[in-house]
Amino acid sequence: MNNQSWLSRSRQAVWHPCTQMKLHESLPIVPIARGEGIWLYDFEGKRYLDGVSSWWVNLFGHCNPVIGDALKQQLDTLEHVILAGFTQQPVIELSERLAALTGLGHAFYGSDGASATEIALKMSFHYWRNTGRAEKCEFVSLENSYHGETIGALSVTDVPLFRDTYAPLLRHSHRVPSPDPRLARPDETAEQYAARTLVSLETLLADHGQRIAALIVEPLVQCAAGMAIYPASWLKQAAALCEKYQVHLIADEIAVGFGRTGSMFAHQQAQIRPDFICLSKGITGGYLPLAAVLTTNKVYEAFYDDHIGRGFLHSHSYTGNALACRAALTVLDIFEHDQVLAVNESKTTRFNLLAAPLAQHSRVHNFRNIGMIWAFEVDSAGPGFSQRCFSAALARGLLLRPIGNTVYLMPPYVIDDAGFGLFVEVMLSLLDSAEFAPVASAEK
Ligand SMILES: *Cc1c(COP(=O)(O)O)cnc(C)c1O
């Protein structure tokens, strides 16, 4: 079977996510036959560099032999067992290691990012209820925030395209200005702007803190907002405000956890301890769906009681799946064994030198990097830029999914200089091509 026959079958049988299916009348679906390292191969042998880590989940490449071998062993030992009333080695070891890495124990497991958000919101509210403050039932998130798309998670998500249609179904929640430096006035530094946005947060917490259970944030980078990288100082001060007004801080590390921003977890760069940490995406290296919510002893103890209803009676069928936990343990082994954070740091330094011609290109704005994320805005990009850029890059062997006129690279950590060089080369050739000539009224 060739590419063409797979893609027409997929169009008929599969309802693809985050997609207007009619678009696929003109935009082909890309059938992938196999993966190896940073590369994905179609059925005709053409390869694509996975510049989005398969939706921000892959860390150590496709078909990584170390993770593959660990999973094969686990498959022959125990694939899954109910976690209510039963336990198993991978889930215990993973919980212990996550606690050691974060200082927060009591890992509660879910199936994906959105379920982690749901768990953290419910747990925060239930904590306040168990401690006699049931009126604390409201949540705060940032403008342009993204925390998943189930109804609870969408209530604290602020991406209009995902949210507006379902607005009548959602709970009201508070929104405060994002510290995204792209929103700063020309006369302000990123830090000055971030400090200014904290005034709105403090006003809200001072006025409504009595009714607010938690503030949920994406530490350091609002990825879905177009890789908005903001100063750690904002996070540090927001954490202090939460403490002051007795509001929980939920760190949604689903996209930025596991080394993506240079530290194991992004919030660590602000030297804070959140009340909840949501983990998913990279946790299994992109192998299997898994999420974990970590919390403090204080929260855990507020549920520990003779009364059943004071317990956290939330569950997902695949909670703590043994295979997924084995993949996650292997990911942590690789971090230790291969000194991934240190290796990534030196890669980042080298890649930024390679990126200089792109960073200096006249149509490239806000060129930015944190850890293993690079992003920039394209000036005068014109209508439909993200779609056109996706197609043109793909034709040149590079998988990118621009957000509006923001182009970003979020590669598996195993990318090498040649792989990064391809990104730079492809983007330079696109920006200088007639097809991408500047368009007077830029699409925002
Ligand atoms: C992707 C993402 C989610 C949702 O995770 P899913 O697994 O897609 O449900 C939540 N928060 C952040 C910050 C994310 O990037």
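Nothing here was measured: the structure is a model prediction, and the numbers come from that model.
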Give the table of side-chain donor-acceptor pairs shorter than 3.5 Å for residues 150-161, with sequence neighbours excluded, one pair per line with atom names and distance.
from : atom 1 : to   : atom 2 : distance (Å)
T150 : OG1    : E118 : OE2    : 2.4
S155 : OG     : I151 : O      : 2.9
S155 : OG     : R171 : N      : 3.2
T157 : OG1    : H147 : N      : 2.8
T157 : OG1    : G148 : O      : 3.1
T157 : OG1    : A153 : O      : 3.0
D158 : OD2    : N144 : N      : 2.8

Ring pair (Phe, Tyr, Trp, His ring centres under 6.0 Å) filter on F162, not counting sequence neighbours, yields Y146
Residues at least two apart in sequence or cross-chain that pass ring pair (Phe, Tyr, Trp, His ring centres under 6.0 Å) with F335, listed by chain then number, are F60
Sequence neighbours excluded, the answer for ring pair (Phe, Tyr, Trp, His ring centres under 6.0 Å) partners of W128 is H248
For Q237, the side-chain hydrogen bond (donor to acceptor under 3.5 Å, both in side chains) test, sequence neighbours excluded, returns none
Across all chains, not counting sequence neighbours, the side-chain hydrogen bond (donor to acceptor under 3.5 Å, both in side chains) partners of N344 are none
Sorted by chain and number, sequence neighbours left out, ring pair (Phe, Tyr, Trp, His ring centres under 6.0 Å) with F436 holds for F385
For Q268, the side-chain hydrogen bond (donor to acceptor under 3.5 Å, both in side chains) test, sequence neighbours excluded, returns none
Atom pairs and distances, donor-acceptor, side-chain atoms in residues 327-334, under 3.5 Å, two or more places apart:
from : atom 1 : to   : atom 2 : distance (Å)
T330 : OG1    : R326 : O      : 2.7
D333 : OD1    : R97  : NH1    : 2.9
D333 : OD1    : R97  : NH2    : 3.1

With sequence neighbours left out, the residues meeting side-chain contact (heavy atoms from CB on, under 4.5 Å) with A239 are L249, I272
Donor-acceptor pairs under 3.5 angstrom involving side-chain atoms of residues 422-429: please list them, not counting sequence neighbours.
from : atom 1 : to   : atom 2 : distance (Å)
S429 : OG     : R396 : NE     : 3.4
S429 : OG     : V426 : O      : 3.2

With sequence neighbours left out, the residues meeting side-chain hydrogen bond (donor to acceptor under 3.5 Å, both in side chains) with T284 are none
